[in-house]
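Some notes on the structure that comes next.
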4 protein chains.
Amino acid sequence: MQILKDEVKNSIRQAALAEFKKHGYLKASIRQIADAAGITPGNIYRYFKSKDDLFDELIQPIQEQLTEVLRVCKQEVDNTLCTALSDHLLILRRIDASLMLLFKESSTELTILLNLSEGSQFASVKQDLITLVHQIISEVFTAELAPTGTLPLRDQLSARMIATTMIESICLILRDHEDGDTIKMLVDELLYLFCTGISEKIKLAQA
Amino acid sequence: MQILKDEVKNSIRQAALAEFKKHGYLKASIRQIADAAGITPGNIYRYFKSKDDLFDELIQPIQEQLTEVLRVCKQEVDNTLCTALSDHLLILRRIDASLMLLFKESSTELTILLNLSEGSQFASVKQDLITLVHQIISEVFTAELAPTGTLPLRDQLSARMIATTMIESICLILRDHEDGDTIKMLVDELLYLFCTGISEKIKLAQA
Amino acid sequence: MQILKDEVKNSIRQAALAEFKKHGYLKASIRQIADAAGITPGNIYRYFKSKDDLFDELIQPIQEQLTEVLRVCKQEVDNTLCTALSDHLLILRRIDASLMLLFKESSTELTILLNLSEGSQFASVKQDLITLVHQIISEVFTAELAPTGTLPLRDQLSARMIATTMIESICLILRDHEDGDTIKMLVDELLYLFCTGISEKIKLAQA
Amino acid sequence: MQILKDEVKNSIRQAALAEFKKHGYLKASIRQIADAAGITPGNIYRYFKSKDDLFDELIQPIQEQLTEVLRVCKQEVDNTLCTALSDHLLILRRIDASLMLLFKESSTELTILLNLSEGSQFASVKQDLITLVHQIISEVFTAELAPTGTLPLRDQLSARMIATTMIESICLILRDHEDGDTIKMLVDELLYLFCTGISEKIKLAQA
DNA sequence: AATGAATGAGGGTTCATTCAT
DNA sequence: GATGAATGAACCCTCATTCAT
């Protein structure tokens with residue numbers, strides 16, 4: 001019953017993915033992964049140097065894609081002179097669209113990366129995402145509320161909170177749902193809710 | 001070097017609070033707590049019967065207060081005939097106000113209770129909170145969007161998502177901030193954002 | 001040096017049996033068992049779920065046999081109308097014979113079950129045995145010494161003492177000897193001694 | 001609230017005696033003894049070097065008395081030319097009487113010494129007692145059953161078993177009863193039972 | 001003389017990782 | 001390649017003993 005190396009490696013990846021999704025990085029058990037893959041624990045170490053290594057090999061690609069998306073978005077935000085509110089919301093939409101794209105390709109990996117990577121080297125990825133969104137929202141706020149000066153502390157904090165909340169909310173939707181259409185619908189609704197709220201807030205402040 | 005008992009107990013509580021906040025209940029290590037408190041692991045057991053007991057003694061009081069708040073709110077939701085949108089938002093405000101009150105007294109404990117209690121007896125508290133808010137939002141949606149029939153699946157999911165997001169967002173604010181006034185401000189802003197969004201959504205749907 | 005699984009399991013059982021016999025259930029040390037078995041403590045848990053599980057797997061079978069014997073004997077004692085002295089002595093002989101049978105198969109286990117199981121789920125087995133024998137002897141005494149009334153307190157105590165002594169004596173023989181024939185001989189002698197003594201006591205009392 | 005040294009030492013002794021009787025040497029807890037004595041654990045070590053030392057100081061005196069009794073009895077057995085059955089039974093009675101005497105003075109200590117000293121230096125005392133009784137019974141058997149030759153192995157074993165059983169039975173009576181008169185009655189009955197049995201056995205063998 | 005907080009070695013147990021087969 | 005038994009460090013916890021006060 002000889003199994004080709006790639007088949008085995010694949011079955012390990014699959015089993016590991018399921019285990020990481022179920023228990024998160026820290027509580028995932030190598031033994032359970034081996035069992036689910038139909039092999040022995042020791043054999044995993046012929047394919048992966050360590051639990052960390054296995055996790056990395058599964059999650060790294062999507063983390064890289066996400067990082068790349070973030071990099072591009074950040075560049076746009078940094079380099080483009082976008083003062084109009086709609087421009088910024090566009091960028092938010094683009095971030096959202098990118099996440100949706102990644103999700104369609106690798107929903108499990110993305111969920112793990114964003115929600116279940118505590119204790120691994122990717123624990124900070126979510127924060128990077130938040131930082132980016134924060135930057136965008138800060139600019140929106142500055143442009144609209146303090147075009148010539150400094151954003152009041154209150155609004156700075158508010159921007160940060162909204163950024164955190166938006167990203168975490170998307171993560172929660174990913175955590176709680178599997179169906180792509182449902183997720184898209186809920187994220188749309190969420191973004192609508194946030195954008196409406198933000199617009200109203202700005203209107204109110206400008207009044 | 002002999003230290004007074006209360007000092008030691010206090011330093012254990014402090015160290016434990018930090019450790020629980022850093023690693024959560026399950027991954028918190030008694031040895032690390034002991035190290036941080038400047039004593040040996042065994043000595044902790046002169047002050048607390050077990051890891052569980054230590055956690056409970058730190059978190060129980062605030063959990064009890066929170067449970068009491070939930071109980072009262074649930075009673076109101078169940079018993080009162082409140083069909084007006086404003087009634088429901090009032091209840092949301094009350095929940096918020098209660099949380100703020102608890103927070104002012106014990107921010108770290110509340111964070112641990114809501115975000116880091118996995119594996120302990122308090123693991124379900126956040127979910128209870130979400131369930132309550134979900135119930136309220138569902139009633140608002142039903143009253144406004146489908147007063148005579150059943151809420152569409154789409155709006156059911158939406159209500160659940162919003163409930164989850166609201167509570168988790170408040171938890172995030174608690175996690176990220178220590179100053180009471182800042183927290184109050186941010187939560188107010190968040191609730192305003194959500195309520196505005198919800199109102200607009202309803203208006204849109206009714207149009 | 002890789003050893004076959006069964007060999008290791010066997011060596012654990014052997015080491016555990018020796019350790020339990022030497023120190024009893026409570027004071028037996030997993031680390032010592034591991035040392036004696038030539039392995040590490042953690043490895044024991046590949047073969048047995050817990051100290052309890054290890055003890056049970058060693059002792060349970062013989063406990064079940066013993067319990068079954070007790071059950072049958074108790075039924076006979078309860079249901080049969082046996083007023084003759086000889087009937088009762090017959091039952092004692094039967095209990096004895098059953099114990100001998102069990103012993104031939106598993107002397108060490110029986111010793112542990114009866115003498116060294118404090119703290120385990122089997123702690124009460126010896127007392128059950130004593131209670132059964134006590135019941136029988138009480139009936140003999142009542143039938144012979146107070147056929148129409150109540151047995152004097154003195155004889156009640158005496159019956160209890162003799163029951164305890166008989167069972168404990170058998171346990172001692174089991175503890176001190178390994179050879180089946182020797183044990184059978186000694187128990188026979190012991191029962192003869194007790195039965196003779198009891199008969200004489202009764203004759204004396206009736207005179 | 002200065003307490004005289006002797007009072008404290010006394011209260012420790014009293015508390016320790018109760019604890020040792022309740023849990024035996026091994027499982028007795030220094031902390032519980034301290035609590036029961038109304039002092040702190042550390043203070044015990046001003047009066048006793050160790051748990052062992054405390055146990056020794058309580059049990060040693062009675063162990064010495066017992067040893068002395070044994071020594072004298074052994075001398076009699078060794079030096080006296082006693083061929084008659086009755087002489088030997090007399091010695092058995094004397095051993096019994098000595099034990100009873102010791103018991104009347106220090107029932108708790110004797111019970112502990114004989115039944116609850118596992119793990120201490122006195123664990124073997126009971127065996128010494130058994131050895132002495134064994135010697136006596138062996139001589140009786142030899143004199144009666146093989147006056148000119150060697151006692152058959154069967155009877156040697158039998159003698160040992162009877163010796164063991166007699167002593168352990170007395171220990172059981174001490175363990176189960178507190179009232180001096182009851183104990184005396186039961187031991188008498190036991191000795192009568194044994195002696196009758198032994199006599200009958202000899203008669204039977206000689207027939 | 002007394003305290004009682006603190007220690008440290010040991011208890012049972014788990015699990016990622018290694019390695020002889 | 002693959003096995004899976006074995007390891008070793010870590011987990012929470014207990015308790016006789018010590019020692020600064």
Side-chain angles (χ1 to χ4, degrees), chain A residues 1-5 8-9 26-35 38-54, chain B residues 1-9 26-34 37-54, chain C residues 1-9 26-34 37-54, chain D residues 1-5 8-9 26-35 38-54:
Chain A
M1 187 197 51
Q2 186 82 341
I3 304 181
L4 292 182
K5 207 179 162 181
V8 173
K9 183 156 193 172
L26 276 178
K27 295 187 67 183
S29 154
I30 289 285
R31 185 117 43 205
Q32 300 239 27
I33 292 172
D35 284 356
I39 59 162
T40 51
N43 199 24
I44 288 181
Y45 289 84
R46 288 196 63 76
Y47 296 90
F48 302 93
K49 228 173 55 199
S50 65
K51 187 183 181 181
D52 235 80
D53 188 52
L54 170 55
Chain B
M1 176 191 48
Q2 193 85 336
I3 305 178
L4 291 185
K5 206 177 166 180
D6 280 359
E7 269 184 56
V8 174
K9 180 155 195 172
L26 271 182
K27 289 279 168 181
S29 156
I30 289 285
R31 266 178 182 77
Q32 300 242 25
I33 293 173
I39 58 170
T40 49
N43 198 24
I44 287 182
Y45 292 85
R46 285 190 55 74
Y47 297 90
F48 302 93
K49 236 171 47 201
S50 64
K51 186 183 182 182
D52 235 77
D53 187 54
L54 172 53
Chain C
M1 177 191 47
Q2 194 85 338
I3 305 178
L4 292 184
K5 206 179 166 178
D6 281 358
E7 269 184 55
V8 173
K9 180 155 195 172
L26 271 181
K27 290 279 170 181
S29 156
I30 289 285
R31 272 174 178 81
Q32 300 241 26
I33 292 173
I39 59 169
T40 50
N43 198 24
I44 287 181
Y45 290 85
R46 285 188 55 73
Y47 297 90
F48 301 93
K49 235 172 47 201
S50 65
K51 187 184 183 182
D52 236 78
D53 187 53
L54 171 54
Chain D
M1 186 195 54
Q2 186 82 339
I3 303 181
L4 293 184
K5 210 179 161 182
V8 174
K9 184 157 192 172
L26 276 178
K27 296 186 66 184
S29 155
I30 288 285
R31 184 117 41 206
Q32 300 239 24
I33 292 172
D35 284 356
I39 59 161
T40 51
N43 199 23
I44 289 181
Y45 289 84
R46 287 196 65 76
Y47 296 89
F48 303 93
K49 228 173 57 200
S50 66
K51 187 183 181 181
D52 236 79
D53 187 52
L54 170 55

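Throughout, a chain's letter reflects where its sequence line sits, starting with A, and its residues are numbered from 1. The structure presented is a predicted model; accordingly, all values stated were derived computationally and were not measured.
The salt bridge (Lys or Arg N to Asp or Glu O under 4.0 Å) check on A/K27 picks up B/E118, with sequence neighbours excluded. For D/D53, the side chain to side chain donor-acceptor pair (under 3.5 Å) criterion is met by no residue, not counting sequence neighbours. Every residue two or more places apart in sequence or in another chain that forms a side chain to side chain contact (heavy atoms under 4.5 Å, CB included) with C/T40 is listed here: C/N43.
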Open item on the list: Treating primed atoms plus P, OP1 and OP2 as sugar-phosphate and everything else as base, which nucleotides of nucleotides 9-14 of chain F get B, S or - for protein heavy atoms under 4.0 Å?
Closed with: -BBBBB
TODO: Check step by step if side-chain contact (heavy atoms from CB on, under 4.5 Å) holds for C/L54 and C/Y47.
DONE: CA-CA 8 Å; C/L54 171 54; C/Y47 297 90; over 6 Å; no
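Between D/I39 atom CD1 and E/dA1 atom C1' there is a gap of 11 Å when expressed in whole angstrom units. Rounded to a whole Å, the CD1 atom of A/I33 is 10 Å from the P atom of E/dT17.
The backbone N or O of C/A28 lies less than 3.5 Å from a partner atom in the side chain of C/K51, making a donor-acceptor pair.
Taking 4.0 angstrom as the limit, D/R46 places a side-chain polar atom (N or O) nearer than this to OP1 or OP2 of E/dA1. Residue C/T40 places at least one side-chain N or O closer than 4.0 Å to OP1 or OP2 of F/dT7.
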TODO: Could you summarise the pairing of DNA chain E as dot-bracket text, marking Watson-Crick and G-U pairs under 3.5 Å with ( ) or [ ] inside the strand and | across strands?
DONE: .||||||||||||||||||||
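No engagement by A/I44 is indicated, since no non-hydrogen atom pair under 4.0 Å with the nucleic acid exists.
Between the OG atom of D/S50 and the CD1 atom of D/I44 there is a distance of 11.5 Å, given to the nearest 0.5 Å. For the atom pair B/K9 NZ and B/I39 CD1, the distance stands at 12.0 Å (nearest 0.5 Å).
Residues A/A34 and A/P41 share a closest heavy-atom pair of CB-N, 3.5 Å.
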